[in-house]
There are 2 protein chains.
Amino acid sequence: MADRNLANAMGRGESLLFLTDDQLRRGIEAMFFAYRGFTADPDRILQEYGYGRAHHRAIHFINRSPGTTVNNLLSILGVTKQSLNRVLRTLVEDGLVDSRVGVRDKRERHLFLTPKGADLERALSEAQRNRMRDAFRAAGPDAVSGFRAVLEQMMDPDMRRHYIDGGDGPR
Amino acid sequence: MADRNLANAMGRGESLLFLTDDQLRRGIEAMFFAYRGFTADPDRILQEYGYGRAHHRAIHFINRSPGTTVNNLLSILGVTKQSLNRVLRTLVEDGLVDSRVGVRDKRERHLFLTPKGADLERALSEAQRNRMRDAFRAAGPDAVSGFRAVLEQMMDPDMRRHYIDGGDGPR
DNA sequence: AGTTTAAGTCAGCCTTGTTGACTTTCCAAG
DNA sequence: CTTGGAAAGTCAACAAGGCTGACTTAAACT
């Protein structure tokens with residue numbers, strides 16, 4: 001129903017995508033509903049600890065790049081330092097994150113998960129990986145590469161950098 | 001690096017997906033970064049109006065199913081009625097949404113976008129569709145179906161229903 | 001010596017989620 | 001026909017986690 005935008009079709013022959021507004025709306029809603037599913041399992045675990053998604057995000061990226069600095073984390077997470085600091089403070093107070101003064105540059109703080117922090121990280125990412133693995137399995141191998149290709153294109157270019165090289169950046 | 005979980009591979013031969021923890025972590029981060037991109041354009045527009053994502057979601061689904069009830073919207077959005085009510089109230093006050101008392105059941109309110117509301121909806125969805133269209137085009141047709149297949153599997157089953165039949169449900 | 005940078009703090013605001021208590025309306029069982 | 005419960009919506013108050021702005025401290029750069 002509703003076949004506006006059929007004009008999209010004739011690109012050059014190479015990409016003959018018929019993208020109606022309705023198909024795009026489907027894609028939009030897929031993102032909405034899937035993201036909710038994607039965060040549902042961790043959210044349940046976090047609730048038991050009195051934490052929120054902000055804590056999860058910090059824990060995830062500290063685990064991915066141990067020793068990362070606060071500034072580094074800020075640029076990945078795209079929040080203000082005041083916002084991140086509140087979350088980080090509670091994680092340090094609760095003994096999940098270790099914040100060490102930099103050796104080369106003493107202004108910097110390098111962040112690490114404590115064993116306790118690593119435990120929570122494992123629980124969270126395991127739940128999320130399980131859901132993602134099930135989805136990948138059900139959808140099949142070709143779907144997986146398509147999934148990643150579209151999501152990569154959907155990112156802001158600056159963020160794509162963090163996704164691509166997954167590492168820590170210049171130390 | 002890090003090749004734990006290679007055990008996943010031998011399913012039956014049909015789906016020979018090598019899903020390492022690292023690949024799954026990539027998928028998780030892809031969701032995170034892509035969702036940010038996905039909401040970035042509407043967020044900018046909403047900010048000009050002093051609205052947030054909650055307003056966007058309400059507007060989107062009222063537009064998709066004109067005349068839907070508050071209860072219906074609640075089950076789609078998955079928030080408390082008090083939370084939705086606040087958003088809805090400002091939208092009605094600002095003249096973007098029309099709330100009509102039900103004819104058959106006067107307890108119900110049926111929701112419609114006013115012309116003004118439809119204008120904002122158009123601006124928001126156009127921005128979002130443009131990003132999605134560009135991503136789809138860049139990734140190619142096969143990627144698009146894979147994208148949707150994986151996202152559909154990632155949803156909670158109850159939500160998949162709303163995604164699939166996209167309509168209003170029983171009136 | 002003076003400027004810039006990294007990190008952190010305090011205060012206050014907004015959106016958007018929550019719970020609890022309440023009204024209005026509907027419907028069904030006595 | 002009334003009464004009692006369920007359903008839809010509203011009001012009030014609180015918490016998490018975004019935000020801005022102003023400021024401090026310490027280290028590094030020039």
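Here is the naming used below: chain letters follow the sequence lines, and residue numbers restart at 1 for every chain. Not measured: the values here are computed from a predicted model.
Residue contacts for B:G102: at a heavy-atom cut-off of 4.0 Å it reaches no nucleic acid atom on any strand shown. A:G78 comes within 4.0 angstrom of the backbone, heavy atoms only, and of no base. As judged by a 4.0 angstrom heavy-atom cut-off over every strand, B:R86 is placed among the base-contacting residues. As judged by a 4.0 angstrom heavy-atom cut-off over every strand, B:K106 is placed among residues touching the sugar-phosphate backbone only.
With rounding to whole Å, B:L88 atom CG is found 16 Å from C:dG17 atom C1'. Taking atom CD on B:Q82 and atom P on C:dG17, their separation rounds to 12 Å, with Å as the unit. C:dC14 atom P lies 19 Å from atom CD of B:E48, rounded to whole Å. Protein atom CZ of A:R104 is 15 Å distant from nucleotide atom C1' of C:dA6, rounded to whole Å. The distance from atom CG of A:L74 to atom P of C:dT5 is 15 Å, rounded to the nearest whole Å. Atom P of nucleotide C:dA7 and atom CG of A:L77 are separated by 13 Å, given to the nearest angstrom. For the pair B:Y51 OH and C:dT16 C1', the computed distance is 15 Å after rounding to whole Å.
For B:R44 and B:E48, the salt-bridge test fails: no basic side-chain N is under 4.0 Å from an acidic carboxylate O. The pair A:R131-A:D134 does not count as a salt bridge, with every side-chain nitrogen at least 4.0 angstrom from each carboxylate oxygen. Under the 4.0 Å criterion applied to side-chain N and carboxylate O atoms, B:K116 and B:D119 are not assigned as salt-bridge partners.
A perpendicular orientation is assigned to the rings of B:H60 and B:H56, their planes being inclined by more than 60° (bins at 30° and 60°). Between B:F32 and A:F61, the angle of the ring planes lies from 30° to 60°, which puts this pair in the tilted group.
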Exercise. Show your working on salt bridge (charged side-chain N to carboxylate O under 4.0 Å, His left out) between B:R36 and B:D43 and close with a plain yes or no.
Key: CA-CA 10 Å; B:R36 281 250 303 268; B:D43 282 353; over 6 Å; no

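Counting non-hydrogen atoms of neighbouring residues, nucleotides and ligands closer than 6.0 angstrom, the CD atom of B:Q47 reaches no more than 12 such neighbours.
Ranking C:dA7, C:dT9, C:dG17 by closeness to the A:N85 side chain, first place goes to C:dT9. Comparing C:dT19, C:dT4, C:dT16 by their nearest atom to the side chain of A:R107 picks out C:dT4. The side chain of A:R89 lies closest to C:dT9 when the candidates are C:dG8, C:dT9, C:dT18.
For the OP1/OP2 pair of C:dT18 and a distance below 4.0 Å, the side-chain nitrogens and oxygens of B:T80 include at least one atom meeting the criterion. At least one side-chain nitrogen or oxygen of A:N71 sits closer than 4.0 Å to the OP1 or OP2 atom of C:dA7.
Annotation: of the two residues near DNA chain D, B:R109 and A:L84, the 5′-most nearest-nucleotide partner is B:R109.
Chain A approaches DNA chain D over the interval D:dG17 to D:dA28, counting the first and last nucleotide 5' to 3' with an atom under 4.0 Å from its heavy atoms.
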